[in-house]
Amino acid sequence: FASNEDASSAFNFRTSGTVTVKPQDENSFSSAFNTSSLSYTGITGLVIGHADNTANITIGNATNIAGPVTIYGGNIAINSPLTATNDIIRLTATGNVTQSAVLSASNLSLNGTGAFALQNGGNDVDVLAAGSISERVGNISYRNSDAFQIGTVGSQSGIFGSGTVL
């Protein structure tokens, strides 16, 4: 699904496999992208944006995916629950990542040069990894509902940050 539209009218992705929503021109969405009008049935993976996207992304509708979720954006706002059932949530941002709703996944991967303020006490993640030697994330503050570990998520291991880690 390639578009420069704002996705303001309701759209239900009812399929199997991975759904990718990206800018048509392969650069960046032409304006902020909000998922409040999108719903998903049966999909096993979700990608929003791509590595060159710097437009803001808002998760505005509860998103429960039976597989990995990857989001690329400038600022990323998690305003509705975001779940990758028994899988990974990968957030890549050049700006601020904030949340007012829970994240739930086996693994959470934080990427890009952005700052991550993920302080919802209902977050449920088993393993967290952030940044890399070549690209450190900014500040990180993270809260989880129970014990979690800083570990390995894919090829990413530990936390590499350029700011405060809380």
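Going from atom OG1 of Thr83 over to atom CD1 of Ile89 covers 6.5 Å, rounded to the nearest 0.5 Å. Atom CD1 of Ile76 is separated from atom OG1 of Thr94 by 8.5 Å, given to the nearest 0.5 angstrom. With rounding to the nearest 0.5 Å, the separation of CG in Asn56 from CG in Asn34 is 10.5 Å. Separation of atoms CG (Asn120) and CG (Asn144) is listed at 10.0 Å; rounding is to 0.5 Å.
In this structure the side chain of Ile43 reaches within 4.5 angstrom of the side chain of Thr15, judged on heavy atoms. Annotation: side chain of Val102 is not in contact with side chain of Asp124 (no heavy-atom distance under 4.5 Å). Side-chain contact between Ile48 and Thr35 is present, with at least one heavy-atom pair separated by less than 4.5 Å. You'll find the side chain of Tyr40 reaches within 4.5 Å of the side chain of Leu46, heavy atoms only. Side chains of Thr152 and Val127 form no contact here, defined as non-hydrogen atoms less than 4.5 Å apart. Side chains of Phe116 and Val137 form a contact here, defined as non-hydrogen atoms less than 4.5 Å apart.
Side-chain atoms of Asn96 never come within 3.5 Å of backbone atoms of Asn75 as a donor-acceptor pair (strictly under, hydrogens ignored). With hydrogens and angles disregarded, a donor-acceptor distance shorter than 3.5 Å links the side chain of Asn53 to the backbone of Phe29. In this structure, the side chain of Ser16 does not engage the main chain of Gly42 through any donor-acceptor pair within 3.5 Å. Under a 3.5 Å cut-off, the side chain of Asn139 and the backbone N or O of Ala115 do not form any donor-acceptor pair. Distance alone, capped at 3.5 Å, is enough to place a donor-acceptor pair between the Asn123 side chain and the Leu103 backbone.
Transitive grouping of hydrophobic side chains (ILVMFWY, heavy atoms separated by less than 4.5 Å) brings Ile78 and Ile57 into a common cluster.
In the hydrophobic clustering (ILVMFWY side chains linked at under 4.5 Å, chained through shared members), Tyr72 is joined by Val47.
Listed by first and then second residue, the ring-ring contact (aromatic ring centres under 6.0 Å, His included) pairs that reach into residues 134-154 are Tyr142-Phe148, sequence neighbours excluded. Contacts classified as ring-ring contact (aromatic ring centres under 6.0 Å, His included) and involving residues 41-62 (residues at least two apart or in different chains) are not found. For residues 100-109, every residue pair satisfying the side chain to side chain donor-acceptor pair (under 3.5 Å) rule, not counting sequence neighbours, is listed here: Asn79-Ser100, Ser109-Asn111, Ser109-Gln156.
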Would Val97 and Leu118 satisfy side-chain contact (heavy atoms from CB on, under 4.5 Å), going step by step from the backbone distance to the final call? CA-CA 7 Å; Val97 179; Leu118 303 173; 3.9 Å; yes

Let me see the working for Gln149 and Leu128 under side-chain contact (heavy atoms from CB on, under 4.5 Å), right down to the final yes or no. CA-CA 6 Å; Gln149 64 178 297; Leu128 168 70; over 6 Å; no

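Residues Ser31 and Ala55 share a closest heavy-atom pair of O-CB, 3.6 Å. Annotation for Thr41 and Asn12: closest pair OG1-OD1, 3.5 Å, computed over non-hydrogen atoms. Nearest heavy-atom pair, Pro81 versus Ala101, reported as atom, atom and distance to 0.1 Å: N-CB, 3.4 Å. The two atoms that bring Ser162 and Gly138 nearest to each other are OG-CA, 3.7 Å, heavy atoms only. Scanning both residues, Ile88 and Arg90, for their nearest heavy atoms gives CD1-NH2, 3.1 Å.
In terms of the ring-ring contact (aromatic ring centres under 6.0 Å, His included) criterion, Phe160 has no residue partners (sequence neighbours excluded).
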Donor-acceptor pairs under 3.5 angstrom involving side-chain atoms of residues 59-68: please list them, not counting sequence neighbours.
from	atom 1	to	atom 2	distance (Å)
Asn61	ND2	Leu38	O	2.5
Thr63	OG1	Asn61	O	2.8
Asn64	OD1	Thr85	OG1	3.2

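No more than 12 heavy atoms of other residues, nucleotides or ligands lie within 6.0 Å of CG in Asn86, so this atom counts as exposed by the packing criterion.
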